[in-house]
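The block underneath contains the structure these notes are about, expressed in structure tokens.
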2 protein chains.
Amino acid sequence: MTLPSAKVVPLIPPTRGRTAGKGLTPLAERAYREVKQMVLDNRVHGGEYLLEEELAKAVGMSRTPLREALVQLQNDGLIDIVPRRGIRIVPLTVEDIREVHDLMQWLESQAAYALATRPDRAERVKALRQIVAQMRRLLVAGDITGWAKANDRFHMELVASAGNGRLERICENLLDQSQRVRMFTLRMRKPPTRTNEAHTGMLRAIEEGDGEKAVAIQIANKKAWLAELEEIIERLQLRYL
Amino acid sequence: MTLPSAKVVPLIPPTRGRTAGKGLTPLAERAYREVKQMVLDNRVHGGEYLLEEELAKAVGMSRTPLREALVQLQNDGLIDIVPRRGIRIVPLTVEDIREVHDLMQWLESQAAYALATRPDRAERVKALRQIVAQMRRLLVAGDITGWAKANDRFHMELVASAGNGRLERICENLLDQSQRVRMFTLRMRKPPTRTNEAHTGMLRAIEEGDGEKAVAIQIANKKAWLAELEEIIERLQLRYL
DNA sequence: GCATAAATTAATCTATACATTAAAATATAC
DNA sequence: GTATATTTTAATGTATAGATTAATTTATGC
């Protein structure tokens, strides 16, 4: 493959800084956001198929920008483009949830450990504490969906403290991939007071500069979280969600 | 956004198992592979622009499948699609290399640690040792490019030992993202005997079940690797590559 | 009634025409 | 000569027509 000489143009900020739907055309971006929201809101279910033409009609555009959005969504691991059959919502098995859980635990523990060793960690800890306070209020108010969203913000804020853009994008995507299952099972779980306490304890350890303790608390909480989810999924008797 | 009822079809293996260019149409897949190879082979450079029509002509297809391939490549972090300007090869700064390095170090250390605790690790250690032996032979033969490829296989094999598909894809992509810089600076580095020794030592520690020692060796080698690269880039006086 | 071949259908895949946009070039005023 | 307005150009963004493919349905032979 031979090319004419590539043109060099002044360096401009990359579009990749944006976390999702990055570098897509205007219609493709809208399609990306709308289809993604439909998936994350559990309006469709794992294993189900959608047809391109029907999706295009639903989002009010031709198939060309929609297809570009679908390539992005497939890359995010939310859908599969099945040749000549349609768009399949990626079914999530308990193994998938374990994979995502393991990765998040590994990456978050690195972020927590790194934060515990930073001299200027007080600001970050303060911001994280504010999120936990909000989580407590939402739990008391009975707003479990709001609590889950705040919990996601906590995790993303913790990860952001590592100052690594690629890490942030990876974690945000992992949260997206597991969102359908986490939301589907949310009301079947015990009230997440254990998570609130674990976050509080982890932040105290970070504040004290005790990275190993912070990591130990994080790992224990995440293990308990996964065990409860596995129990729920076993009780549901579903191979995938 | 409202949809007709989604069709449910028998569960078939997802296309996402494939590591790259997954779920793309035949022409899009070919475009993906060819353009990616062009980028990874340093036939274009960071900051340079390419035009869609010229690329389409070069790969011998219309813009439609090419554009789908470009969405995938952008998601891989290899190019940026700049609206109404063209495709830009993502410029890599030393900060980018640090990010990738940090992430790989975190993820690989998890994999190494996990492997060191597995009772059935002998088989994996054996496979990894074979790769290191090949790396030694290639170094003696003066084939530094072959050595670098074998080194990548070592890292991917180590990561694969964790049995986490998402981890593998993430790491493969991180290796891709840093490839242009690593290959560009390859011959400016000292002969990588330190890396060969580090791999050997790490495998011995894993074999002995000493995860912490394995991780310590891995971290030390990666730190030295990065320091040498930073020195080279500073000597080159380039803001990005 | 069953197996296989042939025809039909459904849906994507790809090419390309046309619309749109933003940069570049040119014209104009001072 | 410079600043601003206007026009032109280059390249993408989007819609859709037609090609292609694979699944489904129907026809045929035994």
Side-chain angles (χ1 to χ4, degrees), chain A residues 3-16 18 21-35 44 47-74 79-89, chain B residues 3-15 18 21-35 44 47-75 79-89:
Chain A
L3 283 170
S5 298
K7 208 186 347 174
V8 184
V9 187
L11 188 59
I12 57 176
T15 52
R16 278 187 303 107
R18 294 145 74 197
K22 49 200 177 287
L24 294 176
T25 68
L27 287 185
E29 169 102 24
R30 181 163 69 76
Y32 172 82
R33 281 193 275 100
E34 288 186 25
V35 177
V44 283
E48 287 183 355
Y49 282 77
L50 300 168
L51 302 182
E52 271 184 25
E53 189 60 40
E54 290 178 359
L55 260 181
K57 284 193 172 96
V59 294
M61 66 182 70
S62 76
R63 290 196 290 116
T64 312
L66 172 69
R67 283 178 64 85
E68 295 192 8
L70 296 177
V71 170
Q72 176 73 53
L73 286 163
Q74 176 175 245
I79 64 159
D80 282 322
I81 299 172
V82 182
R84 301 200 178 278
R85 170 156 277 179
I87 288 77
R88 186 179 67 163
I89 310 307
Chain B
L3 283 169
S5 300
K7 205 186 347 175
V8 184
V9 187
L11 188 59
I12 57 176
T15 52
R18 295 143 75 197
K22 50 197 180 289
L24 294 176
T25 69
L27 286 185
E29 168 103 24
R30 180 161 71 76
Y32 172 81
R33 281 192 275 101
E34 289 185 25
V35 177
V44 283
E48 287 184 355
Y49 281 78
L50 300 167
L51 301 180
E52 271 185 22
E53 190 59 38
E54 290 180 0
L55 260 180
K57 284 195 173 92
V59 296
M61 67 181 69
S62 75
R63 290 196 290 122
T64 313
L66 172 70
R67 283 177 64 88
E68 294 191 11
L70 296 176
V71 169
Q72 176 72 53
L73 287 163
Q74 177 176 245
N75 213 277
I79 66 161
D80 280 322
I81 298 171
V82 182
R84 300 198 179 280
R85 170 157 275 180
I87 288 78
R88 186 180 69 162
I89 311 306

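Here is the naming used below: chain letters follow the sequence lines, and residue numbers restart at 1 for every chain.
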| field | B:Arg85 side chain vs B:Tyr49 backbone, donor-acceptor pair below 3.5 Å | value | no
| note | Contacts of B:Arg33 meeting salt bridge (charged side-chain N to carboxylate O under 4.0 Å, His left out) (sequence neighbours excluded), chain-then-number -> B:Glu29
| query | Starting at CD of B:Glu53 and ending at C1' of C:dT14, how long is that distance when rounded to a whole Å? | reply | 14 Å
| In whole angstroms, how far is the P atom of C:dT9 from the CG atom of A:Leu51? | 18 Å
| Tell me: CG of B:Leu27 to P of D:dA19, nearest whole Å? | 16 Å
| Protein-nucleotide distance (A:Ile81, atom CD1; C:dC13, atom P), rounded to Å | 8 Å
| Whole Å only: how far is the CD atom of B:Glu29 from the P atom of C:dC13? | 12 Å
| field | Rounded distance in Å - OH (A:Tyr49) to P (C:dT12) | value | 12 Å
| Single hit among A:Ile79, A:Ile89, A:Val35 for side chain to side chain contact (heavy atoms under 4.5 Å, CB included) with A:Val44 | A:Ile89
| request: Quick one: list whatever passes side-chain contact (heavy atoms from CB on, under 4.5 Å) with B:Glu52, sequence neighbours left out. | output: B:Arg63, B:Arg67, B:Leu70, B:Ile87
| remark: Residues of residues 60-69 of chain B with a heavy atom under 4.0 Å from any atom of DNA chain D, listed by number, are B:Arg63, B:Arg67
| task | Please identify each residue that fulfils side-chain contact (heavy atoms from CB on, under 4.5 Å) with B:Ala69, with sequence neighbours left out. | result | B:Ala31, B:Tyr32
| said: If I take atom CZ in residue B:Arg30 and atom C1' in nucleotide C:dA15, what distance separates them, rounded to the nearest angstrom? | reply: 14 Å
| request: Check whether any side-chain heavy atom of B:Ile81 lies under 4.5 Å from a side-chain heavy atom of B:Leu73, and answer yes or no. | output: no
| request: Please tell me which of the listed nucleotides, D:dT24, C:dC13, D:dT12, lies nearest to the side chain of A:Arg85? | output: D:dT24
| said: Please report the distance, rounded to the nearest Å, between NZ in B:Lys57 and P in C:dT14. | reply: 19 Å
| field | Nearest listed nucleotide, side chain of B:Arg84, among C:dC13, D:dT12, D:dA15 | value | D:dT12
